[in-house]
Amino acid sequence: PADSGLQSGRLIAPQAGGAPGVPMIAIDNVNKWYGDFQVLTNCSTAIVKGEVVVVCGPSGSGKSTLIKCVNALEPFQKGQITVDGTKVMDKATNLPKLRSRVGMVFQHFELFPHLSITENLTLAQRKVLRRPAEEAKKRGLDLLARVGLSAHASKYPGQLSGGQQQRVAIARALAMDPIVMLFDEPTSALDPEMVGEVLDVMVELARDGMTMMVVTHEMGFARKVADRVIFMDRGEIVEDATKDDFFGKPRSERAQQFLSKIL
Ligand code: ADP
Ligand code: MG
């Protein structure tokens, strides 16, 4: 689209993993407590390769907690999560390696403010993946071009708009060649006029075949690219439906009420 300056070409590297019958993300009866407070109750779902799943629900329903459990940013007490067959809560699992394959984009862009855009794009490639500097730079700048920001390579995050910073954050995550991408309300801290340019990148990524789990209330995005919609309330997955079923008529009253408020 013209407004975001997106260039054509694939945003993702050919994907590893995703063996037949093995979900890219399997969430199996996950329960989590913060002290006495149960934040997740019997959460189960599976996301297969190339699938785009939107997670929505009221504030405080556990969406961020669930997504953080997927790359072990939060521990959980009961149940299991695997990413491409690897148990995230297993002592034997190499967490830095796992996290390097699971791209994560948060509400706040979290670029390193003291590093240039190029340095932001290359740091983890060099330190975690041990890519040679030239290769890391090439991959970073290639992705920067794909999100329409080539002109900003030597700037610092503070010189970019919120929408531009979030596009850099997405490019930075993609530079690690993730096998799945997790998004937690990536546009909710942005000024309204910048939401579209970030969603455009996410739509392109979805159409490129990335496996994505996206917490968002942008139902336009969900309608465009989601395969399924998960609705959470009070720590439970209340609804896990195809997009058409969810928007056609959610089964639960709670989801119907939620939709009537945000649509
Ligand atoms: P959502 O992303 O859907 O808004 P969260 O996953 O952030 O929900 O939070 C779910 C619930 O867990 C909320 O009631 C929140 O207050 C609580 N919570 C989140 N993080 C913590 C924490 N570190 N300690 C205690 N309670 C927490
Ligand atoms: Mg949240």
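FYI, side chains are in, hydrogens and waters are out, and symmetry mates aren't considered; it's all heavy atoms of this structure. Whatever order the structure lists them in is the order used to number ligands and atoms, beginning at 1.
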(request) Look at atom 10 (C) of ligand 1 and find which of C69, G235, G60 reaches it with the closest heavy atom. (result) G60
(request) Give the residue, atom name and distance (to 0.1 Å) of the protein heavy atom nearest atom 12 (O) of ligand 1. (result) V39 CG2, 3.3 Å
(message) Within 2.8 Å of the Mg ion (ligand 2), is there any N, O or S atom belonging to T65?
(response) no
(request) May I ask you to identify the nearest protein heavy atom to atom 3 (O) of ligand 1, giving residue, atom name and distance to one decimal place in Å? (result) K63 NZ, 2.7 Å
(message) What I want to know is whether G62 and ligand 1 share at least one N or O pair that is separated by under 3.5 angstrom.
(response) yes
(request) Using a strict 4.0 Å threshold on nitrogen-to-oxygen distance, state whether D240 and R228 make a salt bridge. (result) yes
(message) Would G35 count as a contact residue for ligand 1, given that I'm defining contact as a non-hydrogen atom of the residue lying under 4.0 Å from a ligand atom?
(response) no
(message) Could you check whether atom 16 (O) of ligand 1 has a protein contact, counting only heavy atoms that fall below 4.0 angstrom?
(response) no
(request) Indicate, as side chain, backbone, both or neither, the part of T65 found under 4.0 angstrom from ligand 1 when only non-hydrogen atoms are considered. (result) both
(request) Please check if any side-chain donor atom of Q107 sits under 3.5 Å from a side-chain acceptor atom of D184, or the reverse. (result) no
(message) Could you check whether R139 pairs with D177 (Lys NZ or Arg NE/NH1/NH2 to Asp/Glu carboxylate O, under 4.0 Å)?
(response) yes
(request) Starting from atom 7 (O) of ligand 1, locate the nearest protein heavy atom and write down its residue, its atom name and how far away it is, to 0.1 Å. (result) S64 CB, 3.7 Å
(message) Distance under 4.0 Å to a non-hydrogen atom of S59: what atoms of ligand 1 satisfy this?
(response) 4 (O)
(request) Go through the side-chain N and O atoms of N120 and R172 and say whether any donor and acceptor fall under 3.5 Å apart. (result) yes
(message) Is there a continuous path of hydrophobic side-chain contacts, each under 4.5 Å between heavy atoms, that joins V88 to L182?
(response) yes
(message) Given 3.5 Å as the limit, does a donor-acceptor pair link the side chain of N31 with the main chain of N42, or not?
(response) yes
(request) Could you tell me which atoms of ligand 1, counted from 1 in the order shown, lie closer than 4.0 angstrom to a heavy atom of P58? (result) 3 (O)
(message) On a heavy-atom basis, I'd like to know which of Y34, W33, F37 is closest to atom 24 (N) of ligand 1.
(response) Y34
(message) I'd like to know if D142 and R146 make a salt bridge, using a cut-off of under 4.0 Å between side-chain N and carboxylate O.
(response) yes
(message) Within ligand 1, which atoms have a heavy atom of S61 less than 4.0 Å away?
(response) 1 (P), 3 (O), 8 (O)
(message) Regarding E74 and T65, do their side chains bring together a donor and an acceptor under 3.5 Å, going by distance alone?
(response) no
(message) Donor-acceptor pair, distance only, cut-off 3.5 Å: does the side chain of D191 make one with the backbone of M194?
(response) no
